[in-house]
Amino acid sequence: MTTNSAAYEAIVRAGPRLNQLQQVHAHLILTGYGRSRSLLTKLITLACSARAIAYTRLLFLSVPFPDDFLFNSVIKSTSKLRFPFDCISYYRRMLSSNVSPTNYTFTSVIKSCADLSALRIGIGVHCHVVVSGFGLDTYVQAALVTFYSKCGDMRAARQVFDRMPEKSVVAWNSLVSGLEQNGLAEEAIQVFYRMRDSGFEPDSATFVSVLSACAQTGAISLGSWVYQYIVCEGLDLNVKLGTALINLYSRCGDVGKAREVFDKMKETNVAAWTAMISAYGTHGYGKQAVDLFDKMEDDYGPIPNNVTFVAVLSACAHAGLVEEGRMVYKRMTESYGLIPGVEHHVCMVDMLGRAGFLEEAYRFIHQLDATGKATAPALWTAMLGACKMHRNYDLGIEIAERLIVLEPENPGHHVMLSNIYALSGKPDEVSHVRDGMMRNNLRKQVGYSIIEVKNKTYLFSMGDESHQETGEIYWYLETLMRRCKEIGYAPVSEAVMHQVEEEEKEYALRYHSEKLAVAFGLLKTVDVAITVVKNLRICEDCHSAFKYISVVSNRQIIVRDKLRFHHFQNGSCSCMDYW
DNA sequence: TTAGGGTTAG
């Protein structure tokens with residue numbers, strides 16, 4: 001290496017590969033270029049790209065008095081490669097070295113704060129942005145919108161956005177995505193409409209977020225419109241967009257269409273495959289889920305990861321495929337060297353428990369306990385569900401009490417305990433639990449159901465009387481239930497909370513939000529399947545009622561609950577009552 | 001004598 005440019009060439013040739021970089025570095029030192037600031041800067045960014053963060057630090061420390069260029073380079077690289085702690089620490093060092101940050105510095109640092117959801121640090125950086133005079137930089141502002149969104153502070157995110165004098169497509173995207181990620185799907189869709197009205201052309205990032213928002217609320221008409229738009233405008237169906245579409249169709253009840261999108265995708269990755277596997281799983285098609293997983297392995301598809309295994313295992317759990325599930329769990333560790341996390345353990349307990357292997361499920365938890373892993377309440381919640389399902393009340397009560405100690409604020413555990421006491425014929429204990437809930441002001445989560453009819457969404461809550469056609473809906477529901485009773489339907493009263501009197505109990509059951517939504521859907525449409533989205537799990541009584549309603553109305557009823565799908569047709573449900 | 005940013009899926 002006789003010249004500086006030859007040395008530079010050598011570094012570039014080494015690329016983001018640690019060994020090669022170290023060799024070049026050694027060579028630089030030997031040939032007298034070891035102190036060149038420019039060469040070291042290039043070396044540092046490449047070391048960071050190689051994810052050799054310790055070596056990056058070492059190189060950085062070897063440079064006396066780093067200049068603004070070096071600081072910006074290392075801050076940008078660490079931020080981009082997701083070393084947020086390093087990024088923030090270089091930023092602090094920059095400040096203490098009296099080197100002035102620029103708008104470029106801030107975008108990177110803010111992104112790292114967003115990655116960490118580090119609200120306090122980010123607010124400090126935001127202040128610094130303002131006093132440094134970069135408060136109106138479009139890039140910095142877009143980064144701030146994302147930052148506040150990722151910290152869950154949508155008010156602040158909106159405030160930054162609203163104050164932007166010049167909004168960019170990316171800034172709009174940041175807001176739409178932020179709202180969607182924070183569960184504010186309706187608002188995300190409204191902002192999307194405002195974006196278009198303001199003359200901004202949505203791009204693929206916009207659509208990915210909009211599709212996710214549609215998937216959340218079940219807004220299939222807007223979702224399908226987006227798909228049409230993508231096809232008509234010849235937009236590239238990239239992996240993220242394709243995956244968002246698979247998720248949309250799956251969560252709106254149309255697995256076939258989800259598969260159609262999957263087959264159309266030119267490029268797929270592990271996320272796309274996982275989305276498709278998960279689609280089969282949540283609809284109860286366990287075999288298809290496992291088959292697709294096998295195909296992924298056989299056809300040299302992408303390497304499955306932890307999320308994929310959650311999808312496969314939960315598919316097995318919901319379809320009663322215990323043997324397959326055990327095999328998959330084994331392969332996860334033995335063939336792929338993945339370490340099962342709490343979510344995988346929960347799938348296993350759920351799978352074994354649902355299938356009636358209560359003892360094995362219990363042993364599974366205790367085995368984890370022995371290795372110090374069983375503190376997760378979710379494991380006991382799954383076990384508790386199995387106890388209730390298989391009427392093992394003694395164990396159920398023991399577990400529910402344990403859960404209440406672990407999570408006293410969770411009303412679900414109290415409700416479960418009270419339900420199990422009621423089922424096992426212990427009314428005194430029921431009132432005791434109920435009183436405790438009242439005393440501690442614990443209320444059951446409010447359930448609601450959404451249905452889309454003619455491109456419009458309607459939300460129902462229990463005993464809802466806010467709709468224009470309330471009278472008609474209730475009358476129609478009464479008629480339906482009468483006809484159901486004629487062919488054998490009997491209300492399942494244990495499903496409601498045991499804090500209402502017997503007479504009220506049937507009233508509450510009769511006007512559950514999902515029943516109102518189904519009645520409304522049947523009333524307003526002809527000859528088509530209706531799809532209802534519920535925020536909680538469907539209750540046992542509604543589940544039974546919908547089987548009968550599918551007969552008397554001669555319609556398919558699809559219900560998406562918190563966990564999975566139920567397709568009711570000709571008197572039975574796709575979950576085979578296994579849920 | 002070395003570069004360049006903010007948004008998106010399971």
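Just so we're on the same page: letters track the sequence lines, and every chain starts at 1. Keep in mind that this is a model prediction, so the values were computed, not measured.
- For the pair A/Leu241 CG and B/dT7 P, the computed distance is 18 Å after rounding to whole Å.
- The backbone N or O of A/Tyr448 lies less than 3.5 Å from a partner atom in the side chain of A/Asn535, making a donor-acceptor pair.
- A straight line from CD of A/Glu267 to C1' of B/dA9 spans 12 Å, rounded to a whole angstrom.
- When each of A/Arg92, A/Lys76, A/Arg57, A/Lys80 is tested with A/Asp86 by the rule salt bridge (Lys or Arg N to Asp or Glu O under 4.0 Å), just one qualifies, namely A/Arg57.
- Between A/Ser177 and B/dT8, a side-chain N or O to OP1/OP2 separation shorter than 4.0 Å is present.
- Within 3.5 Å, no donor on the side chain of A/Asn238 pairs with an acceptor on the base of B/dA9, nor the reverse.
- The distance from atom CG of A/Leu235 to atom P of B/dT8 is 18 Å, rounded to the nearest whole Å.
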Nucleic acid footprint by protein, nucleotides 1-6 of chain B - heavy-atom cut-off 4.0 Å, B for base, S for sugar-phosphate alone:
SBBBBB

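- Under the 30°/60° scheme for interplanar angles, the aromatic rings of A/Tyr227 and A/Tyr249 are found to stand perpendicular.
- Of the possible donor and acceptor atoms, one in the side chain of A/Thr282 sits under 3.5 Å from a partner among the backbone N and O of A/Ala279.
- Rounded to whole Å, atom C1' of B/dA9 lies 14 Å from atom CZ of A/Phe262.
- Residue A/Val176 is out of contact with every strand shown, counting any heavy-atom pair closer than 4.0 Å.
- A sub-4.0 Å separation between OP1 or OP2 of B/dA9 and a side-chain N or O of A/Gln181 is present.
- Note on ring orientation: taking the six-membered ring where Trp is involved, the planes of A/Phe293 and A/Phe309 are perpendicular (angle over 60°, cut-offs 30° and 60°).
- Looking at A/Arg259, A/Lys287, A/Gln288, A/His318 one by one, the single match for side-chain hydrogen bond (donor to acceptor under 3.5 Å, both in side chains) with A/Tyr280 turns out to be A/Arg259.
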